[in-house]
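When reading the values below, keep in mind they use all heavy atoms of this one structure, side chains included, and skip hydrogens, waters and symmetry mates.
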Amino acid sequence: MKINILGVTLARGGSKGIKNKNLVKIKGKPLIYYTIKEAKKIKELTKYIVSTDSIKIKKIAQNFKAEVPFIRPKKFSKDNSSSASALKHALLECEKIYNIRFNYIVELMATNPLKTALDIKKVIKILIKNKADSVIAVNQLFDHHPARIKKIIKGKLYDFAVKEKLESRRQDLKPNAYVRSGSIYAMSRKYVINQKRYFSGKSLAYILPIKRTINIDDKNDLIIAKNKLKN
């Protein structure tokens, strides 16, 4: 049976941390270009589309050969709109437009321009091979390990969740801790339709190398991303 996979990049026009973030230039190219470039290399994707509420983003995405089959409705494009609702909308719209029932959906976030086609292919392979609800790209934490996170109660410091051993080196902090990279989310159709949280008991991890990890939320992240791409 043919497996149909939909790739989606959610690219809203509004952005508070960085104005027009998806279009900000890095090495002369808009941020969204780097995700489109890698997505177009992936033959496993039956369709790859950009979901946006912005005519400007639509035109630029199309210039880079991405399909933009609809303009996302305002109710899925507000500051408080969830990406889950926008992703579900994209899935259902694409199934109507292309007359295809998709088995899997891969969200490729434009906020990480460092991920590669190989990373995306590996995530898809893990998802299908294990029949998982989802596979999420994560990266290991070192300086921000839970053992180093504290809470303050009445002015006093306490361990937040994991007790910190005296003078622990960052590489010795256990257990290994990971955070969602804000890069790649691959999910079954059923999970996209019914999901109420980022992961389930049948979600698996893909560990994204630190050198390809960045989630651009503010101007400091943008500086790091530019430096990483240059190098």
Side-chain angles (χ1 to χ4, degrees), residues 1-12 22 32 35-53 57-58 61-62 65-78 80-112 115-138 178-208 215:
M1 184 180 73
K2 177 175 170 56
I3 294 176
N4 292 311
I5 305 174
L6 175 65
V8 178
T9 293
L10 302 175
R12 191 166 65 92
N22 289 303
I32 195 171
T35 295
I36 293 173
K37 176 172 68 79
E38 296 305 308
K40 297 295 287 182
K41 297 177 183 177
I42 302 167
K43 295 179 180 178
E44 289 86 348
L45 295 179
T46 310
K47 288 287 182 181
Y48 168 70
I49 68 110
V50 171
S51 167
T52 183
D53 60 327
I57 291 176
K58 175 182 178 179
Q62 289 174 327
K65 309 302 182 184
E67 294 187 42
V68 189
F70 57 82
I71 289 293
R72 195 195 313 171
K74 289 183 179 180
K75 67 178 180 179
F76 299 118
S77 306
K78 298 176 182 177
N80 60 353
S81 299
S82 69
S83 58
S85 65
L87 199 61
K88 181 177 176 179
H89 168 264
L91 166 64
L92 296 177
E93 284 297 300
C94 286
E95 289 189 332
K96 286 190 290 185
I97 292 167
Y98 297 116
N99 194 27
I100 297 173
R101 183 180 174 89
F102 292 97
N103 305 96
Y104 301 101
I105 296 84
V106 183
E107 182 187 359
L108 304 174
M109 297 181 69
T111 48
N112 178 3
K115 61 185 173 298
T116 66
L118 182 60
D119 291 317
I120 300 164
K121 288 180 179 183
K122 286 181 177 180
V123 167
I124 292 171
K125 185 176 180 180
I126 293 169
L127 178 69
I128 295 174
K129 181 180 178 181
N130 294 280
K131 298 180 180 179
D133 281 342
S134 63
V135 177
I136 300 169
V138 300
Y178 301 88
V179 65
R180 288 181 284 109
S181 298
S183 183
I184 310 166
Y185 293 83
M187 294 157 276
S188 69
R189 183 186 190 279
K190 181 179 178 181
Y191 191 67
V192 171
I193 296 297
N194 299 319
Q195 70 168 312
K196 295 179 180 177
R197 56 184 310 206
Y198 285 108
F199 61 93
S200 72
K202 293 178 67 178
S203 294
L204 299 175
Y206 171 73
I207 302 175
L208 196 65
N215 187 11

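A pairwise comparison of heavy atoms in Arg180 and Ile136 identifies CG-CG2, 3.8 Å as the closest pair. Among all heavy-atom pairs drawn from Phe76 and Ala86, the shortest one is O-CB, 4.0 Å. Leu10 and Ser83 make their closest contact through CD1-O, 3.6 Å (heavy atoms, listed as atom of the first residue, atom of the second, distance). In plain terms, the two heavy atoms of Leu208 and Ser183 that are nearest each other are CD2-OG, 3.9 Å. Taking every heavy atom of both residues into account, Val50 and Pro69 meet most closely at O-CD, 4.3 Å. In plain terms, the two heavy atoms of Val138 and Ser181 that are nearest each other are C-OG, 3.0 Å.
Here the side chains of Leu91 and Ile193 are in contact, with some heavy-atom distance below 4.5 Å. Side-chain contact between Leu45 and Ile124: present, with at least one pair of heavy atoms (C-beta onward) separated by less than 4.5 Å. When side chains are defined from C-beta on, Leu127 counts as touching Tyr104, because their heavy atoms get closer than 4.5 Å. Residues Lys65 and Ile36 fail the side-chain proximity criterion, which asks for heavy atoms closer than 4.5 Å. Taking 4.5 Å as the limit, every side-chain heavy atom of Tyr185 sits out of range of all side-chain heavy atoms of Leu87. Side-chain contact between His89 and Pro73 is present, with heavy atoms from C-beta onward closer than 4.5 Å.
Counting only distance, with no hydrogens or angles, the side chain of Asn22 and the backbone of Arg12 share a donor-acceptor pair below 3.5 Å. Judged by distance alone, with hydrogens and angles left aside, the side-chain atoms of Lys115 form a donor-acceptor pair with the main-chain N or O of Met109 at under 3.5 Å. Formation of a donor-acceptor pair under 3.5 Å by the Asn103 side chain with backbone atoms of Asn4 is found in this model. Judged by distance alone, the side chain of Thr35 and the main-chain N or O of Ile32 form no donor-acceptor pair under 3.5 Å. For the pair Lys122 (side chain) and Tyr206 (backbone), a donor-acceptor distance under 3.5 Å is absent. At least one donor-acceptor pair under 3.5 Å links the side chain of Thr52 to the backbone N or O of Ala11. Under the 3.5 Å distance criterion, the side-chain polar atoms of Thr46 are matched with a main-chain donor or acceptor of Ile5.
Take Glu44 and apply the salt bridge (Lys or Arg N to Asp or Glu O under 4.0 Å) test, not counting sequence neighbours, and it matches no residue. Remark: Ser85 pairs with Ser82 by the side chain to side chain donor-acceptor pair (under 3.5 Å) rule, at least two apart or across chains.
Here the straight-line distance linking atom OH of Tyr191 with atom CD1 of Ile105 works out to 12.5 Å at 0.5 Å rounding. Rounding to the nearest 0.5 angstrom, the gap separating the CD atom in Glu38 from the CG atom in Asn112 is 10.5 Å. We find the CE-OG distance between Met187 and Ser203 to be 9.5 Å, quoted to the nearest 0.5 Å. To the nearest 0.5 Å, the span separating CD on Glu67 from CD1 on Ile49 amounts to 8.5 Å. In this structure, Lys202 NZ and Ser188 OG are separated by 8.0 Å, a value rounded to the nearest 0.5 Å.
Around atom NZ of Lys41, more than 12 heavy atoms belonging to other residues, nucleotides or ligands sit under 6.0 Å away.
Applying the salt bridge (Lys or Arg N to Asp or Glu O under 4.0 Å) test to pairs two or more places apart or on separate chains, those with a residue in residues 82-110 are Glu93-Lys96, Glu95-Arg189.
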